[in-house]
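Taking it in order: structure first as structure tokens, then the write-up.
In each ligand, atom 1 is the first atom listed, and ligand 1 is the first ligand listed.
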Amino acid sequence: MSTILVINAGSSSIKYQLIDALAEQALATGLIERIGEPAGRVRHRTSEGTIEWEARIPDHTGGFAAMVRAFAESGSPVDALGITAVGHRVVQGGAEFVEPTRIDDEVAARILGLADLAPLHNPGNHEAIIAARAAFPDVPHVAVFDTAFHQSMPPAAYSYAIDPAVAARHGVRRYGFHGISHQVVSRRAAAFLGRPVHELTQIVLHLGNGASVCAVDRGSSVATSMGLTPLEGLVMGTRSGDIDPGVLLHLLRAGFDAAELDELLNRRSGLAGMAGSNDMRDVRARAEAGDAAAVLALEVYTRRIRHYVGAYFVELGGADAIVFTAGVGENQPELRAEVCAGLEALGVELDPAANARPGDAARRISTERSGVAVLVVPTDEEVEIARQTWELVAG
Ligand code: ADP
């Protein structure tokens with residue numbers, strides 16, 4: 001029995017999937033939204049259809065009660081599902097969680113203890129863990145961390161060049177995020193190439209609403225673009241990515257406070273800030289219609305990705321593969337072509353026809369003679385959480 005319930009919770013929402021971890025297949029998916037607001041919303045999907053309703057959901061405990069009700073109404077009550085374990089996505093595992101971890105009271109408390117490093121994420125993750133353990137008391141619960149894959153980075157890759165005493169006192173270092181995605185995508189890329197992951201060097205580009213790059217050296221993360229928080233690195237849907245820290249000081253002196261800077265850099269920057277939409281499809285459509293702000297946003301977005309591709313190529317001493325994943329990476333051939341343009345000297349030769357061909361499976365978009373394999377590999381973080389949870393509990 002490898003049926004795993006995967007929970008990805010925020011402060012006001014719970015996404016869940018029931019997954020057969022061995023078959024790597026979702027059996028049911030659901031979303032509980034607007035927890036704590038006057039009208040909450042439940043949507044539950046199986047191969048049989050979709051069930052939806054609106055009602056007030058006061059808290060995460062109410063959210064799990066709604067989930068149990070949705071399973072029952074869909075004809076598969078949770079008691080009959082044979083759930084083996086519950087896998088929780090946890091955003092920040094700090095320096096202490098380096099692998100999936102079985103949750104007991106102490107682990108739950110340590111996850112909450114990391115909240116000052118991830119104030120937008122860990123409190124919601126923790127609330128969901130408490131509520132889920134009460135709703136499903138008879139099965140093991142496992143935390144799978146978005147940071148854990150990057151704990152293999154060497155000190156030179158995770159240290160910022162600041163006073164080490166200040167850094168230590170405040171936990172200031174690079175943690176990196178999207179680790180679950182970088183891990184599953186690099187594993188699937190190796191499987192696609194028919195090579196063991198521990199023989200390959202890969203540059204993985206996770207380009208979704210959030211975006212990050214990871215240098216994967218023989219299966220381990222050795223560098224990644226996100227830092228202490230998911231704000232560093234690439235240009236994202238609403239986040240600035242890399243910026244001179246002096247800009248923050250300049251704006252602080254100009255009268256901004258911390259909350260305003262947070263809002264500016266996390267929610268009003270990136271594609272949204274530069275071009276008026278966080279959706280890459282809109283930005284490209286506007287650019288094609290001649291909107292100069294959208295053209296510039298795309299140029300900045302692409303230039304930043306190429307900056308990291310170059311850096312990680314050097315870091316890895318050459319790459320066997322460049323791998324595109326997530327919403328933009330999987331679906332925008334134009335962007336992939338722009339990222340790879342003019343890189344023949346590095347051994348990268350895109351096959352325009354293969355790049356243009358739509359698909360939803362792992363595929364090669366470089367020519368046969370390209371020294372670097374350029375791949376599109378769909379990510380599936382929920383399946384990876386289920387797989388890691390299953391591996392831990394099956395021992
Ligand atoms: P999240 O980080 O929220 O999981 P996704 O991985 O779904 O985000 O990526 C969202 C981004 O992917 C958006 O910018 C969206 O425009 C882009 N995207 C999704 N589907 C397509 C598509 N078919 N063509 C081009 N871009 C797409």
Side-chain angles (χ1 to χ4, degrees), residues 6-17 26 29-31 33 43 89 91 118 120-121 124-125 144 146-147 176-185 188 204-214 224-226 229-241 266-289 291 293-295 297-302 304-305 323-339 355-363 365 375-385:
V6 172
I7 305 296
N8 183 356
S11 57
S12 67
S13 71
I14 301 170
K15 282 189 224 153
Y16 61 91
Q17 288 197 15
T29 67
L31 173 61
E33 290 179 287
R43 188 179 306 132
R89 182 209 203 123
V91 168
L120 300 178
H121 295 107
N125 296 156
V144 180
D146 232 3
T147 48
F177 299 87
H178 287 149
I180 299 162
S181 179
H182 288 300
Q183 189 168 9
V184 65
V185 168
R188 287 183 173 181
V204 180
L205 301 167
H206 177 112
L207 309 175
N209 227 329
S212 70
V213 197
C214 184
T224 193
S225 57
M226 282 177 168
T229 74
L231 181 53
E232 194 179 357
L234 300 181
V235 177
M236 312 187 207
T238 64
R239 295 177 219 152
S240 63
N266 275 305
R267 277 175 283 278
R268 288 200 290 119
S269 294
L271 296 176
M274 288 191 78
S277 169
N278 70 325
D279 190 310
M280 181 52 108
R281 283 165 289 201
D282 291 345
V283 177
R284 191 161 291 279
R286 288 178 198 195
E288 279 163 9
D291 178 335
V295 170
L298 278 182
E299 284 175 2
V300 175
Y301 183 97
T302 308
R304 187 77 53 81
I305 296 171
V323 190
F324 287 89
T325 194
V328 178
E330 291 170 34
N331 295 301
Q332 269 214 354
E334 301 91 334
L335 185 273
R336 296 193 297 254
E338 287 154 9
V339 168
N355 183 39
R357 213 172 294 131
D360 47 22
R363 56 199 186 273
I365 59 168
L375 308 179
V376 177
V377 175
T379 188
D380 196 335
E381 292 162 289
E382 280 74 17
V383 161
E384 181 64 12
I385 293 168

Exercise for the section: Identify which of L335, V328, N209 has a heavy atom lying nearest to atom 1 (P) of ligand 1. Expected result: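 It is N209 whose heavy atom sits nearest to atom 1 (P) of ligand 1.
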Handout entry: Heavy-atom nearest neighbour of atom 20 (N) of ligand 1 within options T379, N278, N331, T325
Key =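 Checking each option, the heavy atom nearest atom 20 (N) of ligand 1 is found in N331.
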Practice task
State if G210 counts as touching ligand 1 under the rule of any non-hydrogen atom under 4.0 Å.
Solution key: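 Under 4.0 Å: yes for G210.
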Problem - Interatomic distance, E288 atom CD to R284 atom CZ [nearest 0.5 angstrom] - result: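 Nearest 0.5 Å value for the CD-CZ distance: 6.5 Å.
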Problem - Check: A326 N/O within less than 3.5 Å of ligand 1 N/O - result: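 Among all N and O atoms of A326, none is under 3.5 Å from an N or O of ligand 1.
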Are [X] and [Y] side-chain neighbours, meaning at least one heavy-atom pair lies under 4.5 Å?
X: V339; Y: L335; result: yes
X: R268; Y: T238; result: no
X: V185; Y: H206; result: no

For [atom], closest protein heavy-atom neighbour:
atom: atom 7 (O) of ligand 1; answer: G327 CA, 4.2 Å
atom: atom 16 (O) of ligand 1; answer: D279 OD1, 2.4 Å
atom: atom 14 (O) of ligand 1; answer: M280 N, 2.9 Å

Practice task
Could you tell me whether D282 approaches ligand 1 through its side chain, its backbone, both or neither, with non-hydrogen atoms closer than 4.0 Å?
Solution key: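 D282 to ligand 1: no contact under 4.0 Å from either part.
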Handout entry: Side chain, backbone, both or neither: the part of R281 lying under 4.0 Å from ligand 1 by heavy atom
Key =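 The part of R281 near ligand 1 is both the backbone and the side chain.
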Practice task
Give a yes or no answer on whether the side chain of R239 reaches the backbone of E232 with a donor-acceptor pair at less than 3.5 Å.
Solution key: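 Side chain of R239 to backbone of E232, a donor-acceptor pair under 3.5 Å: no, none is there.
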Handout entry: Short side-chain to backbone donor-acceptor contact, R89 and I385, under 3.5 Å
Key =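 No.
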Problem - Pair T379-S181, side-chain donor/acceptor within less than 3.5 Å - result: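 Their side chains do contain a donor-acceptor pair, which is all the 3.5 Å distance test asks for.
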Practice task
Verify the contact flag for atom 4 (O) of ligand 1, where contact means a protein heavy atom under 4.0 Å away.
Solution key: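 No; the ligand atom in question lacks any protein heavy-atom contact below 4.0 Å.
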